[in-house]
Structures are given as structure tokens and as C-alpha cells.
Number of protein chains: 2
Amino acid sequence: MDASKILGNHQLRSTAIRRNVIEFILNEGAAVSHQDIEKALPQADRVTLYRTLATFEEKGILHQVLDDESVKKYALCGTDCGGGHHHDDHAHFKCEKCEETVCLDEVSIPAVGLPVGYSRTSANLLIMGTCRACA
Amino acid sequence: MDASKILGNHQLRSTAIRRNVIEFILNEGAAVSHQDIEKALPQADRVTLYRTLATFEEKGILHQVLDDESVKKYALCGTDCGGGHHHDDHAHFKCEKCEETVCLDEVSIPAVGLPVGYSRTSANLLIMGTCRACA
DNA sequence: ACAATTATTGCAACACTGTTGCAAATATAC
DNA sequence: GTATATTTGCAACAGTGTTGCAATAATTGT
């Protein structure tokens, strides 16, 4: 998977910053925060990164990952995420030792019995514990 | 359930601000943010509220609720939350219309099959959709 | 390859969120 | 009521995220 191709597929211009952001996330494997990216790409403007992340989320390249701290984290969307419509109904796992958050793409969020009158449109499941590398 | 009693049960001094915070949350029904409290109690100092929330969380009076925005929200703990040890393994529901987040105390977070090598210590489940009042 | 067009970037400035240190005030215990 | 330890309020600060606008760079068509 190549960065400029991803950009092209989503009607976005292929700029150095955007390619760098995508490549960084691809290499990282875990969900990243704005701050992670800022550290990895010190030459890029803070504001531009905020806008880049917002754009990527809109276009369906990234989805937000709920984290227990209150900083937003992002991960690459699966192939079924179109513009605006995110289908990231999978769980996320945060290791308490290495602090990395990863997508558990194969773990879908189970349906739970909601009280009468409640209906579900989406859900976020964040599991905390120890990952394989830290066990 | 009375505010000074809750404070007494947790070895905390019964001050006006603390009682007001607890009463506000009791009346609110939904999970509240620092900002919600600040608006409701304009006479209270911002910093004091931050410290009050932190203290309540430590002592097991409140637990954090994961929210899809990146502001922390808090709800009253059930009776089984001792100091430090939170047993809030229930789901939370956020209504997309009224924006209220409530605890679904009766809905526990289901166990999911984790990849080999991963172990779970806790989990957060946030379900989004429409609540009964907005349906 | 070049100009015109449109999207993207960088900067300045700002509002909001959360934290720390310290002195003054207040709740409890005696 | 006084002593003691906790809690509060203030000032000051660091970090996070946003907006407006001018400068810059990527595409489109020729």
C-alpha cells in the first residue's frame, strides 16, 4: 500500500506532508496521536497536521480510536471505510505496559441488550490489559 | 442518598463545593464533564473543581466515562467501587440527539476473544445511538 | 512545458483545558 | 474554642485545538 495511491483514491492532492503522515502511520502499526506525528515530523506545521488529520478522517482514510487519556488517536481505516461513513466496528486494545493502542480488526464489537427505547448506530470498545509483546 | 453522607463514607471533609458537586451529579442523571460542573457552579474555582473531581475519582465516588469527544466525563460509581479500585465494567450510552451520556449499569461489557498473548484487565464500551427520550 | 485554477500550507493570534506552588481559609478533633 | 490538617482560591504556566489570511504548491487544460 503506497501513500500517494491512498491519497489519489480519496481525491486528495499528493503533498509531502500528507505522504509523510500516511507513511508514519503505516510504519507505526499502533494508533497515533497528533503529538506522535508532530514529534515524528518536526518540519511540519502543527496546524497543518491538525487539518491533515481532520481531512483524512473526513475522507475515510483514518478513523478515531477512543483512548483512556483524553487525547485523540487515529488509525488507518480498513478498505470498507468510505468518505464520511466509517465502518470501524472493531475493538481496540491498549497495553498498559507499552501504552500502545492497536486495532483488533478481527474482534468485532458484540451486540449487547440495550434497554427498551434505545437504539444503536455505532459503538466503541476499548480493552485494556497486556499485549503479547509485554506479557 | 445524601451528599455529606457520601463524603463521610469516603473519609472526605464535607465542604460546600463538594456537596454541590455531588448534588449536581445526582440530579443530572447523565455523565458530566468538568465544564458542565463549572457552568452549574460558577462560584466555584476552576482549579478546585479539577481537584475535587480527581479526589472523588481516587476515593471511588466517581468513575470516568469514555466519551467520543476528548473531554473527560464522570459518573457516580456504584456501591462496589472502593478507593482506587473501580468496578465499572458496565457499558455507557451516548445519545446522538440530546448528547447525554448515561451509564447502562445493567449492561456489562461482554468478554471477547482476544488474540493469543493478549490479556484483559479492564474495558470500556461506549455505544452511540438514540436514547428512549429522543427516539 | 506553461499559465490558470484550486487546494494546501504556514503563520499569527487566540480560546480552552488542565496543572503546580503557595498563602489564606475552613472543617474536624480535642 | 483552639490546634491541626485539609481544602480552597489565586496567579502563573504548559499543552491542545481552532480560525483567518496570505503565500505556496499541486493539478488541469492547453
Side-chain angles (χ1 to χ4, degrees), chain A residues 2-24 31-74 83-84 99 101, chain B residues 2-24 31-62 64-74 83 99 101:
Chain A
D2 142 87
S4 355
K5 196 163 183 181
I6 296 180
L7 289 166
N9 289 345
H10 291 85
Q11 289 82 45
L12 288 173
R13 295 194 175 174
S14 168
T15 68
I17 290 189
R18 286 178 174 169
R19 286 190 301 270
N20 289 340
V21 169
I22 291 180
E23 271 152 23
F24 171 67
V32 299
S33 64
H34 173 270
Q35 193 185 214
D36 295 331
I37 302 176
E38 205 176 325
K39 279 180 193 157
L41 307 174
Q43 74 279 12
D45 185 73
R46 227 166 52 84
V47 178
T48 302
L49 290 181
Y50 277 112
R51 290 197 265 231
T52 301
L53 290 173
T55 305
F56 284 4
E57 199 189 349
E58 261 172 41
K59 298 286 185 174
I61 298 179
L62 297 178
H63 65 271
Q64 280 197 30
V65 175
L66 238 58
D67 197 83
D68 62 328
E69 311 154 69
S70 57
V71 277
K72 291 182 183 173
K73 293 206 171 160
Y74 297 87
E99 300 268 293
T101 304
Chain B
D2 144 83
S4 356
K5 198 164 184 180
I6 296 180
L7 289 166
N9 290 345
H10 291 85
Q11 290 81 44
L12 288 173
R13 295 194 173 173
S14 168
T15 68
I17 289 188
R18 285 179 176 169
R19 286 190 301 271
N20 289 341
V21 170
I22 292 180
E23 272 152 22
F24 171 66
V32 300
S33 64
H34 172 272
Q35 193 183 218
D36 295 331
I37 302 176
E38 206 176 323
K39 278 180 193 156
L41 307 173
Q43 74 279 15
D45 186 74
R46 225 165 54 84
V47 178
T48 301
L49 290 181
Y50 277 114
R51 289 197 265 233
T52 301
L53 290 173
T55 305
F56 284 3
E57 199 188 350
E58 261 171 41
K59 298 287 185 174
I61 298 179
L62 296 178
Q64 281 197 30
V65 175
L66 237 57
D67 197 83
D68 62 326
E69 312 154 72
S70 56
V71 278
K72 290 181 182 175
K73 294 206 171 160
Y74 297 88
E99 299 268 290
T101 304

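Order of the sequence lines sets the chain letters (A, B, ...), proteins ahead of strands, with each chain counted from 1. Just so you know, these numbers come straight off a predicted model, no measurement behind them. Values below: all heavy atoms of this structure, side chains included; hydrogens, waters and symmetry mates excluded.
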S.K.: Would you give me the side-chain donor-acceptor pairs under 3.5 Å for residues 11-21 of chain B, sequence neighbours excluded?
M.R.:
unit_1   : atom_1 : unit_2   : atom_2 : d
Ser14(B) : OG     : Arg19(B) : NH1    : 2.5
Thr15(B) : OG1    : Arg18(B) : N      : 3.4
Arg18(B) : NH1    : Arg13(B) : O      : 3.2
Arg19(B) : NH1    : Ser14(B) : O      : 2.9
Asn20(B) : ND2    : Ala16(B) : O      : 3.3

S.K.: Of all residues at least two apart in sequence or in a different chain, which pass the side-chain hydrogen bond (donor to acceptor under 3.5 Å, both in side chains) check with Glu23(A)?
M.R.: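 Expected list: none.
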S.K.: Is the shortest side-chain N/O distance from Tyr50(A) to OP1 or OP2 of dG17(D) below 4.0 Å?
M.R.: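 Affirmative; the distance criterion is met.
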S.K.: Toward the 5' end of DNA chain C, which comes first, Thr55(A) or Val47(A), by nearest nucleotide?
M.R.: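 Result of the comparison: Thr55(A).
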S.K.: With heavy-atom distances below 4.5 Å as the criterion, would you say the side chains of Ile37(B) and Thr52(B) are in contact?
M.R.: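 No, too far: nothing below the 4.5 Å cut-off.
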S.K.: Look at the side chain of Arg51(B) against the base of dG18(C) and say whether a donor-acceptor pair falls under 3.5 Å; ignore hydrogens and angles.
M.R.: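 In this structure, the two groups form no donor-acceptor pair.
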S.K.: With a 4.0 Å limit, can you tell me whether Gln35(A) has a side-chain N or O closer than that to the phosphate oxygens OP1/OP2 of dG15(D)?
M.R.: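 No, no such contact exists.
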S.K.: State whether Arg18(A) places a side-chain N or O below 4.0 Å from either non-bridging phosphate oxygen (OP1 or OP2) of dT8(C).
M.R.: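 Arg18(A) to dT8(C) OP1/OP2: side-chain N or O found under 4.0 Å.
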S.K.: Rounded to whole angstrom units, what separation is found between the CD atom of Glu58(B) and the C1' atom of dT6(D)?
M.R.: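 Atom-to-atom, Glu58(B) to dT6(D), this comes out as 14 Å.
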S.K.: For Asp45(B) and dC10(D), give me the distance from atom CG to atom C1', rounded to whole Å.
M.R.: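 Checked: the CG to C1' distance equals 7 Å.
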S.K.: For the pair made of NE2 in His34(B) and P in dT19(C), what is the distance, rounded to whole Å?
M.R.: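 Atom NE2 in His34(B) sits about 9 Å away from atom P in dT19(C).
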S.K.: Over how many whole Å does the gap from Gln43(A) atom CD to dG10(C) atom P extend?
M.R.: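 So the CD-P distance, Gln43(A) to dG10(C), works out to 9 Å.
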S.K.: How would you label the contact of Arg46(A) with the nucleic acid (heavy atoms, under 4.0 Å): base, sugar-phosphate, or nothing?
M.R.: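 Base, at least one base heavy atom under 4.0 Å.
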S.K.: For Phe56(B) and dT8(D), what is the distance between atoms CZ and C1' respectively, to the nearest whole Å?
M.R.: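 Interatomic distance, CZ of Phe56(B) to C1' of dT8(D): 13 Å.
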S.K.: Based on the rotation axes of five pairs at each end, what angle does the helix from dA1(C)-dT30(D) to dC30(C)-dG1(D) bend through, to 10°?
M.R.: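 The helix from dA1(C)-dT30(D) to dC30(C)-dG1(D) shows an end-to-end axis angle of 40°.
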S.K.: Does the protein touch nucleotides 25-30 of chain C at the base, only the backbone, or not at all? Give it as B, S and - per nucleotide, heavy atoms under 4.0 Å.
M.R.: --BS--
S.K.: How many whole angstroms separate atom CG of Asn20(A) from atom P of dT9(C)?
M.R.: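 Answer to the nearest Å: 11 Å.
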S.K.: Can you pull out every side chain to side chain donor-acceptor pair (under 3.5 Å) where at least one residue sits in residues 39-50 of chain A? Sequence neighbours excluded, please.
M.R.: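 Listed by first then second residue: nothing to list.
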